[in-house]
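Below, each value reflects all heavy atoms present in this structure, side chains not excepted, and no hydrogens, waters or symmetry copies. Throughout, numbering of the chain's residues begins at 1 and tracks the sequence.
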Amino acid sequence: MTSEVIVDVQPKEISIALLEDKRLVEFQKEGRSASFVVGNIYLAKVRKLMPGLNACFVNVGYERDAFLHYLDLGPKFNSYTKYLKQVTSDKKKLYPFSKASILPDLEKDGSVQTTLQQGQEILVQIVKEPISTKGPRLTCELSFPGRFLVLMPFQDKVSVSSKIKSAEERARLKQLIQSIKPKNFGVIVRTVAEGKRVAELDSELKVLVKRCEDAFIKAQKASKLPELVFEETSRTVAMLRDLFNPSYENIYINDTDIFNEVKDYVTLIAPESAGIVKQYTGKLPIFDNFDVTKQIKSSFGKTVSYKHGAYLIIEHTEALHVVDVNSGNRSKSKDGQEANALNVNLGAADELARQLRLRDMGGIIVVDFIDMNLAEDRQKLYERMCENMKKDRARHNILPLSKFGLMQITRQRVRPVMDVNVDEVCPTCFGKGTVKSSFLFTDVLESKISTMANKLGIKNFTLHVHPYVAAYINQGIVSLKRKWQVKYGFGLKVIPSQKLGFLQYEFHDKNGQEIDMKEEIEIKH
């Protein structure tokens, strides 16, 4: 299996698509201004104590206060608090971490009332992004993740990933990290550290310790709370850090700055793979070029088709996700109804495992498969689902089919479900039911081009239109595009874009920024 990452950088958002054998399996989209990312650390104040919940609300700058439970304070909370006071009391130099005193662990059955005070300053880390009406979820057990290691201040313990099975390798890594880690730091050794040399691990450990010290220096100098003291690496780099493996063939990026950032990161963690990071400079939108746009439009939405006419219906409620499996207009198997049901269900299990990763669906998922009478068929379906979910990085739990033919799945939820609206508003009538003549559409475009070239003085720009319209504009020896270029300047380029509806259009300047040329009726709708 080969994997490719396609990164589409736009002025307002970054989209990342992971392809396995050219098939879209993960898709993440994030606004470039989004700041409440899992892993960010804030110096913040306790806003309100909630004794009934044994928790408190903390102001981290989000519209809704973040939630912090007593158990998420962590056993080393007293040590954190004392060190934070020592740091903030001296604004000139940082109190050495190695000299910090380790206090007794926090009691597990204690109370938030006796531990925290309203208005108290604490360091918190986001573990769950704001979802629906809920604010972020916090912890006081800080961690600084790297490619091979995760650094945990005040823990003073070395843990090795359970996925490393070799007893000799586990012992080697544990002994190695114990010998190089600074005092008052704990370390979790990640699976990808298996077989790595001491120089690589020591190099990353120093980087992580520096990040931790920089976070406390920012907290020391904070003048206004809440203050962001540690920012998780960019979405692109963070995803690559968790996903990166030797099977990656290519990482394509359409932005110079992000390309350089990712290139530097891959050179740091895997110098032999630096050549796979490539800058995309083609004329077509990057997602159109790699067939991602088409896959997004066919993979999201309420109804998802898979093989031979069968399809899934996916509904999302506040409490859970509900999935219904339908055989559709599929022709029945010669082997009878039972074999047909098993075949449809196995195909559904394959598609559902992909959909869970693709949409990042979390919480409780209930799947209504087609009823099967044979116990061995139900077991076969359960085993197929478990096998498919092995590729999923999120923690999950799958129960065998109930007597009603329902499968229950729980999956870790750390960010809102990826919801991509694949329905297109009619770009011609805007929901009114009456349309202008499509034959006049090119006249409308020409009037916009004339306005830009003659009145606004913009000479270099691109016109993005539906591929069918682009083909019409470009057809013939003396095409419409050629006529427009002769009349208004050769800075005009026509780009086919699959994300646009049939009579939609966008103008972009030479820097890729959209030029708003829409009429009032188009803006209203």
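With hydrogens and angles left out, the side-chain atoms of Glu141 and Thr139 include no donor and acceptor closer than 3.5 Å.
Remark: Glu204 does not engage Arg190 in a salt bridge, criterion side-chain N to carboxylate O under 4.0 Å. Note on Glu4 versus Lys22: salt bridge recorded, some NZ/NE/NH1/NH2 to OD/OE distance being below 4.0 Å. Ion pair Glu351/Arg23 flagged as a salt bridge, since at least one NZ, NE, NH1 or NH2 atom sits closer than 4.0 Å to an Asp/Glu carboxylate oxygen. Under 4.0 Å is where a charged nitrogen must lie from a carboxylate oxygen, and between Glu387 and Arg384 no such pair does. Salt-bridge annotation for Lys210 and Asp214: present, with a side-chain N of the basic residue lying under 4.0 Å from a carboxylate O of the acidic one. A salt bridge links Lys206 to Asp202: at least one charged side-chain nitrogen sits closer than 4.0 Å to a carboxylate oxygen. For Asp360 and Arg411, the salt-bridge test passes: some basic side-chain N is under 4.0 Å from an acidic carboxylate O.
Checking side-chain atoms of Asn345 against main-chain N and O of Ile370 turns up a donor-acceptor pair under 3.5 Å. Within the 3.5 Å criterion, the main-chain N or O of Pro226 finds no donor-acceptor partner in the side chain of Lys45. The backbone N or O of Leu24 lies less than 3.5 Å from a partner atom in the side chain of Gln295, making a donor-acceptor pair.
Rounding to the nearest 0.5 angstrom, the gap separating the CD1 atom in Ile253 from the CD1 atom in Ile286 is 8.0 Å. Put simply, NZ on Lys163 and NZ on Lys165 are 9.0 Å apart, with the number rounded to the nearest 0.5 Å. The distance from the SG atom of Cys386 to the CG atom of Leu381 is 9.5 Å, given to the nearest 0.5 Å. Taken from CG in Leu208 to NZ in Lys181, the straight-line distance is 13.5 Å, to the nearest 0.5 Å. Of the inter-residue distances, the one linking Leu399 atom CG with Ile409 atom CD1 reads 9.0 Å to the nearest 0.5 angstrom. One distance of note links CZ of Phe259 with CD1 of Ile251; it measures 10.5 Å at 0.5 Å rounding.
The ring-ring contact (aromatic ring centres under 6.0 Å, His included) analysis of residues 108-127, with sequence neighbours excluded, yields no pairs. Among pairs with a residue in residues 93-112, those fulfilling salt bridge (Lys or Arg N to Asp or Glu O under 4.0 Å) read Lys76-Asp105, at least two apart in sequence or across chains. Applying the ring-ring contact (aromatic ring centres under 6.0 Å, His included) rule to pairs touching residues 144-195 yields Tyr80-Phe154, Tyr83-Phe154, Phe97-Phe154, Phe97-Phe185, Phe144-Phe230, sequence neighbours excluded.
For Tyr306 and Tyr311, the ring centers sit 6.0 Å or farther from each other.
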(request) List the steps, then state whether side chain to side chain contact (heavy atoms under 4.5 Å, CB included) holds for Ile313 with Lys302. (result) CA-CA 6 Å; Ile313 302 286; Lys302 182 178 172 181; 3.9 Å; yes
(request) Apply side chain to side chain contact (heavy atoms under 4.5 Å, CB included) to Ser111 and Tyr70, showing your working. (result) CA-CA 7 Å; Ser111 164; Tyr70 175 81; 5.8 Å; no
(request) Could you please spell out the steps behind the side chain to side chain contact (heavy atoms under 4.5 Å, CB included) verdict for Asp72 and Arg137? (result) CA-CA 10 Å; Asp72 290 324; Arg137 179 81 185 253; 2.9 Å; yes
(message) Run the side chain to side chain contact (heavy atoms under 4.5 Å, CB included) test on Leu138 and Tyr42 for me, step by step, so that the C-alpha distance in whole Å, both residues' side-chain angles and the decisive distance to 0.1 Å come before the verdict.
(response) CA-CA 10 Å; Leu138 305 176; Tyr42 291 84; 6.0 Å; no
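Each of Ile16, Leu18, Val5 was scored for a side-chain contact (heavy atoms from CB on, under 4.5 Å) with Glu26, with one residue passing: Leu18.
Surrounding NZ of Lys380 are at most 12 heavy atoms belonging to other residues, nucleotides or ligands under 6.0 Å away. Residue-environment remark: CD (Gln175) stays at or below the threshold of 12 foreign heavy atoms within 6.0 Å. Within a 6.0 Å radius of NZ in Lys134, no more than 12 heavy atoms belonging to other residues, nucleotides or ligands are found.
With a 4.5 Å cut-off on side-chain heavy atoms, Lys85 and Glu121 do not count as touching. Side-chain atoms of Met50 and Val112, non-hydrogen and from C-beta on, never get closer than 4.5 Å to each other.
Contact record, Cys56 with Leu116: SG-CD1, 3.7 Å, taken as the closest heavy-atom pair. The shortest heavy-atom contact between Ala44 and Asn59 is CB-O, 3.2 Å.
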